[in-house]
Amino acid sequence: MSRLLCQQAQLLPSGAHSVQGRPLLMRDVVPSHAKWRVMVVAAMHGDEFSSASVALHWLALAQSAPEATHWRFVPVLNPDGLLHQPARRMNAHGVDLNRNFPTPNWQLEAKNYWEKLTRKDPRRWPGNTPLSEPESRFLFDQMASFKPDVIVSIHAPYGVLDFDGPVLPPTKLGRLYLDQVGVFPGSLGNYAGVHNAMPVVTVELPSALRTPTEAEMQKMWRDLRRWMDQTQLARQ
């Protein structure tokens, strides 16, 4: 990920900040006649560097070929985790942001899952209450105000494609094939896709450290656009 790519993204402060006061940056790409609203979120886990890189490459593709989609990019949701030495999954409070969203029965289910199934893995601590973290509150507020038709959440390193929501999922993006692994208490897919009928495409890149090739990122982008077009037709 080059300095030039970051500069060309022209990210702007959203007005929200991380636990340690870093601005949460975003960028809208808005054509004149947008029919779709799509939010792309990356680096929810601070040690998944490749996710932020892909988001910035996709932002460049959106800028170079405007289509009938209002894109909102949040390339780094967890700047404190990304800039921690060493980088870490959690935010500055030690919370896994992808377990901090207000899914039903969160107080019981999130606690039980963390204690019994992860054996209190500190990398997956959901926090004391849902939306306890400024980063998850920011994304929660973005969903409420932007009302995206689709959310694309970029992660690593499992090398699969996951999906939660009320429409037919994409079968593949590039070399990532659909493998729906279920939902977790407090996860974005659970909150937005399952309980709020807001489709969530979760891209799990094969490596947290290595960005896919330019050709592979373009192929994923084309497949995403094709699926969106097909889904839009299916809704009409």
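Numbers here are sequence positions counted from 1. Values in this document were obtained by computation on a predicted structure and should not be read as measured data.
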Exercise for the section: Salt-bridge test for Arg72 and Asp28: reply yes if a basic N is under 4.0 Å from a carboxylate O, no otherwise. Expected result: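 Result for this pair is yes, salt bridge flagged.
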
Is there a donor-acceptor pair closer than 3.5 Å between any side-chain N or O of [X] and the backbone N or O of [Y]?
X	Y	answer
Ser51	Ala43	yes
Asp164	Ala192	no
Asp223	Gly174	yes
Asn196	Tyr191	yes
Trp221	Ala62	no
Arg137	Leu131	yes
Trp114	Asp121	yes
Arg99	Arg124	no
Thr69	Trp71	no
Trp227	Leu168	yes

4.5 Å side-chain heavy-atom contact, [X] and [Y]:
X	Y	result
Asp179	Glu204	no
Leu224	Pro170	no
Val203	Val54	no
Arg175	Pro206	yes
His45	Asp96	yes

Side-chain donor-acceptor pair under 3.5 Å between [X] and [Y], yes or no?
X	Y	result
Arg123	Thr118	no
Asn190	His195	yes
Glu133	Asn100	no
Asp47	His84	no

Exercise for the section: Measure across Pro166 and Gly193 and return the closest heavy-atom pair with its distance rounded to 0.1 Å. Expected result: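 Heavy atoms only, the tightest pair is CD-O, 4.2 Å.
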
Do [X] and [Y] share a hydrophobic cluster, counting only Ile, Leu, Val, Met, Phe, Trp and Tyr and linking them when any side-chain heavy atoms are less than 4.5 Å apart?
X	Y	result
Tyr177	Met220	no
Leu97	Val41	yes
Tyr158	Val183	no
Met198	Val38	no
Leu56	Val74	no

When rounded to the nearest 0.5 angstrom, what distance separates [atom1] in [X] from [atom2] in [Y]?
X	Y	atom1	atom2	value
Leu173	Met217	CG	CE	14.0 Å
Leu188	Thr202	CG	OG1	6.5 Å
Gln8	Gln63	CD	CD	7.5 Å
His57	Glu216	NE2	CD	13.0 Å

Problem - Asp80 and its side chain to side chain contact (heavy atoms under 4.5 Å, CB included) partner, picked from Arg22, Arg88, Met90 - result: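 That would be Arg22; it is the only one of Arg22, Arg88, Met90 passing the side chain to side chain contact (heavy atoms under 4.5 Å, CB included) with Asp80.
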
Practice task
Take Asp149 and Met228, measure what side-chain contact (heavy atoms from CB on, under 4.5 Å) needs, and give me the verdict at the end.
Solution key: CA-CA 10 Å; Asp149 295 295; Met228 286 167 49; over 6 Å; no

Problem - The single option from Phe101, Tyr113, Trp106 passing ring-ring contact (aromatic ring centres under 6.0 Å, His included) against Phe184 - result: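 Exactly one pass, corresponding to Tyr113.
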
Handout entry: Trace of the side-chain contact (heavy atoms from CB on, under 4.5 Å) decision for Lys172 with Lys219
Key = CA-CA 10 Å; Lys172 70 181 184 70; Lys219 181 65 166 63; 2.9 Å; yes

Handout entry: Stepwise side-chain contact (heavy atoms from CB on, under 4.5 Å) test for Leu11 and Leu59
Key = CA-CA 10 Å; Leu11 300 175; Leu59 197 166; 4.0 Å; yes

